[in-house]
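We number each residue from 1, following the sequence as shown. What you see is a predicted model; the values in this text were computed from it and never measured.
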Amino acid sequence: MTEPSYLTAVRTSYDTVAAAYAERVPEPARMDPLSRAMLAAFAESVRLAGRGPVADVGCGPGKVTAHLAEAGVDAFGVDLSFAMVSLARRAHPHLRFVQGSMTALGLGEGTLGGVLAWYSTHHTPPALLPSVFTEFHRVLAPGGQLLWGCHVGEEHRRPTEGYGGHPVSYEWHLLPEERVAELLEQAGLEVTARLVQEPEPPLTRRYACLLARRPSRPQH
C-alpha cells in the first residue's frame, strides 16, 4: 500500500530536524504550569483506571514519554520518524519506542489504558482526523483515557524551514478546540475536561488540552 503523501512529508521532515528538535524542545519540567497539570491529571487518571499501558503517539525524542513513566505510568512511544525513535531509544533505553503511524497503530482493540497525542496531530489534514480519532477509540480499553494537546485556531501553513533552519515539507492544520472536541465525540469518545490557554507575548497562538475517554458502556 502506498503511503499517503502527507505522512511521507511528516516522516522525512522530522527525520531531517530530529537532532535540532531534541535540542530545542524543553523538558516537561520546564513546560508551563497548566500543561504540566494536565499531564499529571492524565497520568493519575490512567493509573487509577488501571486499564493498560499508555501510547505516546508522535512521541518525538521521548521526553514526555519518560515524564509519564516517572509519574508511574506504563508508557511507550510511537513515532513516524525513525530518527526520532532512535534518539528516544538512546536517551531512554529503559523504555520502549517503536516506529509507526497514529493512523494505524498495529495494536489490538481495547488494549491501551491511555493515548497521549501531545502536539502531534496538527500535521494531519482535517478531513483525515476522524479516522485518526477512530483509531484512538479502537485501541483504548473501555474507560481508557485520551489526552490531546495542541495549538488551536484557524490556520493552515506550509513552512519551508523547521527546527534548526532545516528544510521541511509538512503542513500545519490548526482547528478551533470546539471542532476538535466535536470530532472526538463523533469518534465515540467522551470529552470530560477542556483547558484553553490564551497566548502571552511573544507567543501568538492559543493552546488547548482536551481530556477524553472511551465510554465503559456502549453508546446508543
Side-chain angles (χ1 to χ4, degrees), residues 3-4 6-11 13-15 18 21-22 25 28 31 35 38-39 42-43 45-46 49 51-69 71 73-89 91-92 95-126 128-141 144-152 170 172-175 180-181 183-184 187-189 191 207-214:
E3 181 179 71
Y6 86 93
L7 288 180
T8 302
V10 171
R11 178 173 45 77
S13 297
Y14 279 101
D15 279 346
Y21 180 98
V25 171
M31 287 180 186
S35 292
M38 288 298 288
L39 286 169
F42 171 68
S45 297
V46 168
R51 305 286 181 169
V54 168
D56 178 6
V57 296
C59 66
K63 296 181 181 184
V64 180
T65 318
H67 181 72
L68 290 177
V73 174
D74 179 12
F76 67 98
V78 181
D79 202 278
L80 194 62
S81 162
F82 180 73
M84 286 291 195
V85 170
S86 297
L87 287 173
R89 288 171 175 169
H92 311 287
L95 298 177
R96 183 164 67 97
F97 296 95
V98 297
Q99 186 179 16
S101 172
M102 66 179 70
T103 61
L105 289 167
L107 301 168
E109 181 171 354
T111 56
L112 296 181
V115 171
L116 176 66
W118 194 248
Y119 295 83
S120 59
T121 64
H122 56 288
H123 298 304
T124 304
L128 301 180
L129 268 181
S131 63
V132 171
F133 291 162
T134 296
E135 176 69 351
F136 292 169
H137 177 277
R138 185 188 69 81
V139 298
L140 282 171
Q145 303 286 321
L146 165 71
L147 178 59
W148 177 94
C150 201
H151 306 286
V152 292
Y170 53 56
W172 281 50
H173 307 273
L174 303 188
L175 297 176
V180 177
L183 292 175
L184 290 172
L189 297 162
V191 176
Y207 301 79
C209 295
L210 301 177
L211 188 62
R213 68 185 171 209
R214 178 172 174 173

* To do: State, with a plain yes or no, whether a side-chain heavy atom of Leu147 is found less than 4.5 Å away from one of Met38.
  => yes
* Structure fact -> Here the side-chain hydrogen bond (donor to acceptor under 3.5 Å, both in side chains) pairs for residues 53-65, sequence neighbours left out, are Asp56-Thr65
* Please report the shortest heavy-atom distance between Gly110 and Ala141, naming the atom on each side. => O-CB, 3.3 Å
* To do: Not counting sequence neighbours, which residues clear salt bridge (charged side-chain N to carboxylate O under 4.0 Å, His left out) with Arg138? List them please.
  => Glu135
Run the side-chain donor-acceptor check on residues 97-108: report pairs under 3.5 Å with partners two or more places apart or on a different chain.
residue, atom, partner, partner atom, Å
Gln99, NE2, Leu80, O, 3.0
Ser101, OG, Thr103, N, 3.1
Ser101, OG, Thr103, OG1, 2.6

* Only counting residues at least two apart or in another chain, list the ones meeting ring-ring contact (aromatic ring centres under 6.0 Å, His included) with His67. => none
* Indicate the atoms forming the closest heavy-atom contact of Leu68 with Ala75, along with that distance. => CB-CB, 4.0 Å
* To do: Kindly indicate, with the supporting measurements, whether the criterion side-chain contact (heavy atoms from CB on, under 4.5 Å) is fulfilled by Arg11 and Phe82.
  => CA-CA 8 Å; Arg11 178 173 45 77; Phe82 180 73; over 6 Å; no
* What about His123 and Tyr14, are their ring centers closer than 6.0 Å? -> yes
* **Cys59 side chain reached by Val78 side chain, heavy atoms, under 4.5 Å** => no
* Within residues 105-119 or reaching into it, pairs that qualify as salt bridge (charged side-chain N to carboxylate O under 4.0 Å, His left out) - sequence neighbours excluded -> Glu109-Arg214
* Asked: Under 4.5 Å between any side-chain heavy atoms of Leu128 and Tyr6, yes or no?
  -> yes
* Asked: Is Phe136 close to Leu112 at the side-chain level, that is, under 4.5 Å between some pair of heavy atoms?
  -> no
* Would you say the side chain of Leu140 lies within less than 4.5 Å of the side chain of Leu189, judging by non-hydrogen atoms? -> yes
* Which heavy atom in Leu211 sits nearest to a heavy atom in Phe42, and how many Å separate them? -> CD1-CD1, 4.0 Å
* To do: Decide yes or no for Val54 and Gln145: does some side-chain heavy atom of the first lie under 4.5 Å from some side-chain heavy atom of the second?
  => no
* Structure fact -> Closest non-hydrogen atoms of Val46 and Gly113, given as atom of the first, atom of the second and distance, are CG2-O, 4.0 Å
* To do: Drop me the distance from Trp148's CH2 to Leu129's CG, to the nearest 0.5 angstrom.
  => 8.5 Å
* Asked: Does the side chain of Leu146 come within less than 4.5 Å of Leu184's, by heavy atoms?
  -> yes
* **Qualifying residues under ring-ring contact (aromatic ring centres under 6.0 Å, His included), relative to His151, sequence neighbours excluded** => Tyr119, Trp172, Tyr207
* **Heavy-atom side-chain contact between Pro126 and Leu175 under 4.5 Å** => yes
